[in-house]
Amino acid sequence: MAAGSLTPNKNVAAALEVIAELVRRGKQPTLHIVGEGNQSEALVQKVDELELGAHVVFHGYSDQLPRHFASCTAQLFTSTNEGQALVILEAQAQGCIPVSFDINFGPSDSITDGHNGFLVPHGDIQAMADRVQSLMDDPTLAAELSENARNFASEYQSRDLVSRWEETLSLTKMLKNLGAKNRVPHFEAKLRGVDFLDGQRLHVRVEHQAQLEELPEKAIFELVFINRRSNEEIASVAASSVDEQLAVFDLEQALLGETQEQDAAVDMSLRLRIGKAMELKRLGLPESKILPYFTKHKNLSFNRRG
């Protein structure tokens, strides 16, 4: 089972790779995916590409996680980064054995490798498949780890950590409302489109993947122009509009003129600024095998990767 929001950070695509590897080994696993998010369509397409239609079930959002965990042998935890992963504890409480990438932070706080779950190197699909296969091939081992997982979750809950989490969340919300938030939350910078308007103006759309409800009102997205040679900031422009997916920037001819330095490339980045705190990410392209580019004759062409 894989449970959680279907976002790039949760990396559920890696769980599909594990299932594909087990099928190649002659096993007959079934992966239950519980959750929803902006990667849903891409994951459905990946299931088709890997020919896993008979091995993957999408449940969408569910408020019955304990029931799902109780019906599954293992939980595949493939996130690229985490805090305290409470979903691992939820799985362990139902005897569902977590098999997780060993990432910072969280999984190693709940999993003792080989005792109440498994930890494998981050991104190692073969190692994760090996651990899942060992649970499929050895019912005695699976029963032992399942019981250890239940015991660990029970002891963990007995420490009254739930109330501590509630207090921490309440304090965090209070500090956020007071404007004391100094940490810049996760965001991405993927170019989604450029419109060439009249008067040599540009309309640039950038996918940010930030959780807007986590951002204070003073948060600002900026498109930043940096001289590649000197690494100096040449200019910046604030977003004209921001929604749940895109930050939109209107670039005037005068601004573009400021970036035209002879024989010097200019790089573009997305900056998220919250008060004095800020973070900058280089503007890139979404994952695609087809990449557009302009020739020296100002003609549009496409290049295919892979």
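If you're wondering where the values come from, they're calculated on a predicted model, not measured in any experiment.
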Practice prompt. Determine, stepwise, if the pair R25 / D130 fulfils salt bridge (Lys or Arg N to Asp or Glu O under 4.0 Å).
Written response: CA-CA 10 Å; R25 297 179 184 185; D130 289 342; 2.8 Å; yes
_If the threshold is 4.0 Å, N to carboxylate O, is there a salt bridge linking R271 and E222?_
yes
### Query
When you measure from the side chain of S236 to the backbone N and O of V224, does any donor-acceptor pair fall under 3.5 Å?
no
Margin query: Are L212 and V248 linked, directly or through intermediate hydrophobic residues, by side-chain heavy-atom contacts shorter than 4.5 Å (ILVMFWY only)?
Written below: no
CE (M128) and CD1 (I19) are apart, to the nearest 0.5 Å, by 10.0 Å
Between the CD atom in E244 and the CD atom in E213, the distance rounded to the nearest 0.5 Å is 7.5 Å
Judged by atom type as modelled, is there a donor-acceptor pair below 3.5 Å linking the side chain of H55 to the main-chain atoms of L22?
no
task: Look only at the side chain of S71 and the backbone of H68, and say whether a donor-acceptor pair between them is shorter than 3.5 Å.
output: yes
Walk me through it: do V206 and F221 pass the test side chain to side chain contact (heavy atoms under 4.5 Å, CB included)?
CA-CA 10 Å; V206 179; F221 282 102; over 6 Å; no
Which of E41, E17, Q39 passes side chain to side chain donor-acceptor pair (under 3.5 Å) with K46? Answer is E17
In this structure, CE of M1 is separated from CZ of F77 (nearest 0.5 Å) by 12.5 Å
Check whether N116 reaches the backbone of S110 with its side chain - one donor and one acceptor, N or O, closer than 3.5 Å.
yes
Would you confirm whether S62, through its side chain, and Q64, through its main-chain N or O, come within 3.5 Å as a donor-acceptor pair?
-> yes
Closest non-hydrogen contact found for D250 with V237 is O-CG2, 4.0 Å
Shortest non-hydrogen pair, C96 vs Q75, comes out as SG-N, 3.5 Å
Exercise for review: Find out whether L16 and V56 are in side-chain contact, i.e. whether some heavy atom of one side chain is under 4.5 Å from a heavy atom of the other.
Suggested key: yes
Check your understanding: Is it the case that one hydrophobic cluster holds both F152 and L86, taking links as side-chain heavy atoms less than 4.5 Å apart, direct or via other members?
Key -> yes
- Query: Is there a side chain to side chain contact (heavy atoms under 4.5 Å, CB included) between I226 and V266 once you walk through the steps?
  - Reply: CA-CA 6 Å; I226 298 175; V266 176; 6.0 Å; no
Distance col, row I97:CD1 vs N148:CG, nearest 0.5 angstrom, shows 9.0 Å
Requested in this report: Would you check, one step at a time, whether the test side chain to side chain contact (heavy atoms under 4.5 Å, CB included) holds for D195 with L202?
Outcome: CA-CA 6 Å; D195 296 324; L202 293 182; over 6 Å; no
Fill in: V44 side chain near S40 side chain, heavy-atom distance below 4.5 Å
no
* Is there a side-chain contact between L285 and K190, using heavy atoms and a 4.5 Å cut-off? -> no
Discussion item. Donor-acceptor check, side chain of S154 to backbone of N151, threshold 3.5 angstrom: yes or no?
Written reply: no
Identify every side-chain donor-acceptor pair in residues 26-34 under 3.5 Å, counting partners at least two apart or on other chains, and give the distances.
| from | atom 1 | to | atom 2 | distance (Å) |
| --- | --- | --- | --- | --- |
| K27 | NZ | D137 | OD1 | 2.8 |
| H32 | ND1 | H59 | NE2 | 2.8 |

For Q92 and I111 the tightest heavy-atom approach is NE2-CG1, 4.2 Å
Please assess L272 against I220 for the test side chain to side chain contact (heavy atoms under 4.5 Å, CB included), listing each intermediate value before the final yes or no.
CA-CA 6 Å; L272 178 55; I220 299 174; over 6 Å; no
Output for pair (R24 CZ, L50 CG), nearest 0.5 Å, gives 7.5 Å
Of all heavy-atom pairs linking L270 and F187, the shortest is O-CE1, 3.7 Å
| said: Is any side-chain heavy atom of V120 closer than 4.5 Å to one of D102? | reply: no
For N11, the side chain to side chain donor-acceptor pair (under 3.5 Å) test, sequence neighbours excluded, returns none
Between E214 and P185 the two heavy atoms that sit nearest each other are OE1-CB, 4.1 Å
(Q) Between H122 and F101 (judged by ring centroids, cut-off 6.0 Å), do the two rings come close enough to count as a pair? (A) yes
Between the CG atom in N81 and the CG atom in N9, the distance rounded to the nearest 0.5 Å is 4.0 Å
query: Is it true that V242 and L280 fall in one hydrophobic cluster, defined by side-chain heavy atoms closer than 4.5 Å?
result: no
Would you say D138's side chain and T140's backbone share a donor-acceptor pair under 3.5 angstrom?
-> yes
Across all chains, not counting sequence neighbours, the side chain to side chain donor-acceptor pair (under 3.5 Å) partners of T112 are none
Heavy atoms of V194 and R205 approach each other most closely as N-NH2, 4.3 Å
Take atom CD of E233 as the centre, draw a 6.0 Å sphere, and report whether it contains more than 12 heavy atoms from other residues, nucleotides or ligands.
-> yes
May I ask whether V204 and F196 are part of the same hydrophobic cluster, defined by side-chain heavy atoms of I, L, V, M, F, W, Y residues being less than 4.5 angstrom apart, directly or through others?
-> yes
Looking only at atom types and distance, does a side-chain atom of D113 sit under 3.5 Å from a main-chain N or O of L119, one as donor and one as acceptor? yes
- Backbone of F225 reached by a side-chain donor or acceptor of S269 within 3.5 Å: no
